[in-house]
Structures are given as structure tokens and as C-alpha cells.
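Everything on this sheet refers to the single structure shown next.
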Amino acid sequence: MPNDADMRAQLIAQLFADSAQANMATLAATDTRIVEAADLLIDCLDNGHKVLSCGNGGSAGDAQHFSSELINRFERERKALPAIALTTESSTLTAIANDYAYERLFSRQVEALGQPGDVLLAISTSGNSANVCEAIDSAHENGMNVLALTGKDGGRMAALLDEDDCELRAVANSTARIQEMHLLFIHCLCRLIEDHLLN
Ligand SMILES: O=C(CO)[C@@H](O)[C@H](O)[C@H](O)[C@H](O)COP(=O)(O)O
Ligand SMILES: [Zn+2]
């Protein structure tokens, strides 16, 4: 009869195995798209534009993780790069949610800050968060391109993208596993951006 410690150890081993399996399935499915996504960001930054990022819950953390690695640095010493996470200004966020709607949380900020040539990094594990979908529409209206990190079947976001945009979709159905893939996408992108600047 397995005891509680054995069962928890087994569960942890299963979670690690699931994550590793999702990693490899996602790598196979994304093919050249991570390089294309990095080129979208590199082109934006090389031309003096900036990256706005957004998402809810864990994806808000991912949006901030990405912007901090651009503004500060990732693994190597290099110039600061322009990025703004749209998830951090509590006065702005509460005012938009209170006066307009939660769905407008990011699109209103994209309207205010987005310039043609900027990129929106739009993160959602389901691809269905309404405020992230509205941010994509607003980015297009402002002449921006979109890099979408999604999961599952890509959700509504996948259908909103146009041919100049890029989608990196994690091959998993669990929100947690998808978030683990999203962080790996982000670190691959940061690495490719840094290699471009320094090599
Ligand atoms: O971090 C987690 C679960 O791991 C949650 O906070 C999760 O991010 C939230 O439920 C989000 O609202 C989910 O939104 P989305 O990924 O479907 O856009
Ligand atoms: Zn990191």
C-alpha cells in the first residue's frame, strides 16, 4: 500500500514528465516559428520601436518577466531595450476597469502608448482572454504587429492574427504546462535577441 509521501513523489515525477513531454511536442510543432518570432522582435527593436506586453494571472507575470529582461538584461551585458508591461500600473488598471470595462484593460493602454512598428506580446494560455483579444485589435488599429503566446487550440486570439503577426502555441491543454512552455519561449526569444545584438 503506497503511503502519502510515495504518492506525492509519484505525482511530482508525473508533473516533471508531463512538462518534459510538452516541451518536446512544442519544439516539434513550432518548427521555425521561434526564429520567426525572434526576427519580428529584432526587426522592431533594430528600428527603434518598442515591445508592449500583456496577459492575466500567471501570464501577467510572464509579460513582466519579458519586459524586465529587455530593459535590464537577460544573460549578457548589452544596451537597455525598450519594453513596457501593461500589467503593472495599478492606478491606470483600476481606473480603466472601473470606468470602462475589464476587457479594455490593455487595449486602452495600447491606444495610448502603441506606435506603428511597435510589437504587442499578447500572452494567454487559452487564447480567449477578452482583454488580450481587445489589445490585439487595438494593436492592429495602431499599425503594430503582434506576437501571440497561446496554448490549447489557440482560442479566439489565433483567429485575430494577420499574416504579419506570429503565434507561438504550446502543445498542451493544462494551463500550468502551457505557462511552463511560455517561459521557455520567452527565454529563447531573449537569447536570440541578445545573440543578435552581441555577435
Ligand atoms: O497562473 C495561473 C494558473 O497557473 C492563473 O493565474 C491563470 O493565469 C489565470 O487563471 C488566467 O486568468 C488565465 O487566463 P488565460 O491564460 O486563459 O488568458
Ligand atoms: Zn527569465
Side-chain angles (χ1 to χ4, degrees), residues 11-12 14-16 18-23 26 34 37-38 41-42 45 51-78 80-88 90 93-94 96-97 101-110 120-139 146-161 165-198:
L11 171 64
I12 290 165
Q14 185 62 52
L15 293 174
F16 271 73
D18 289 350
S19 194
Q21 193 274 333
N23 257 318
T26 300
I34 301 181
L41 295 170
I42 286 167
L45 296 166
V51 183
L52 306 180
S53 55
C54 66
N56 295 287
S59 300
D62 289 341
Q64 290 161 218
H65 193 143
F66 176 80
S67 66
S68 79
E69 280 172 345
L70 252 62
I71 292 172
N72 181 41
R73 62 177 193 184
F74 179 49
E75 293 180 319
R76 294 156 76 190
E77 200 53 55
R78 47 114 175 119
L81 294 169
I84 304 171
L86 305 178
T87 49
T88 62
S90 58
L93 294 168
T94 54
I96 296 171
Y102 194 76
E103 288 75 9
R104 293 285 299 278
L105 206 66
F106 304 129
S107 61
R108 182 76 180 167
Q109 295 184 76
V110 171
L120 176 72
L121 175 63
I123 310 174
S124 170
T125 62
S126 61
N128 286 327
S129 280
N131 53 6
V132 180
C133 289
E134 291 203 11
I136 291 174
D137 287 336
S138 186
V146 177
L147 169 52
L149 305 190
T150 65
K152 302 180 186 177
D153 63 359
R156 286 175 49 216
M157 279 167 64
L160 292 176
L161 301 179
D165 298 331
C166 188
E167 180 190 5
L168 296 178
R169 190 181 301 178
V171 179
N173 279 311
S174 141
T175 300
R177 299 292 83 70
I178 295 167
Q179 289 173 339
E180 288 153 15
M181 299 305 95
H182 284 180
L183 184 55
L184 191 49
F185 286 147
I186 285 168
H187 282 156
C188 289
L189 295 168
C190 290
R191 172 62 191 262
L192 293 178
I193 290 167
E194 244 164 41
D195 284 357
H196 167 77
L197 285 175
L198 297 173

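Just so you know, ligand 1 is whichever comes first in the structure, and atom 1 is the first atom listed for that ligand.
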Worked check of ring-ring contact (aromatic ring centres under 6.0 Å, His included) between His65 and His187
CA-CA 10 Å; His65 193 143; His187 282 156; 5.0 Å; yes
Specify the protein heavy atom at minimum distance from [atom]: its residue, its atom name, and the distance to 0.1 Å.
{"atom": "atom 1 (O) of ligand 1", "result": "Gln179 NE2, 2.9 Å"}
{"atom": "atom 11 (C) of ligand 1", "result": "Asn56 O, 3.8 Å"}
{"atom": "atom 9 (C) of ligand 1", "result": "Gly57 CA, 4.3 Å"}
{"atom": "atom 17 (O) of ligand 1", "result": "Ser126 OG, 2.6 Å"}

Check ion pair [X]-[Y] (N to O, under 4.0 angstrom):
{"X": "Glu194", "Y": "Arg191", "answer": "no"}
{"X": "Asp153", "Y": "Arg169", "answer": "no"}
{"X": "Glu69", "Y": "Arg73", "answer": "no"}

Minimum-distance atom from the Zn ion (ligand 2) among N, O or S atoms of His65:
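His65's closest N, O or S atom to the Zn ion (ligand 2) is named NE2.
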So which N/O/S atom does Glu69 have closest to the Zn ion (ligand 2)?
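It is OE2, the N, O or S atom of Glu69 closest to the Zn ion (ligand 2).
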Look up atom 3 (C) of ligand 1 and tell me if a protein heavy atom lies less than 4.0 Å from it?
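There is a protein heavy atom less than 4.0 Å from atom 3 (C) of ligand 1.
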Looking at atom 6 (O) of ligand 1, tell me if a protein heavy atom falls under 4.0 Å from it.
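At least one protein heavy atom is under 4.0 Å away.
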So, regarding Gly58 and ligand 1 (criterion: nitrogen or oxygen to nitrogen or oxygen, under 3.5 Å), is there a contact or not?
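Among all N and O atoms of Gly58, at least one is under 3.5 Å from an N or O of ligand 1.
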Is there at least one pair of N or O atoms, one from Thr175 and one from ligand 1, spaced under 3.5 Å apart?
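Not met; the criterion fails.
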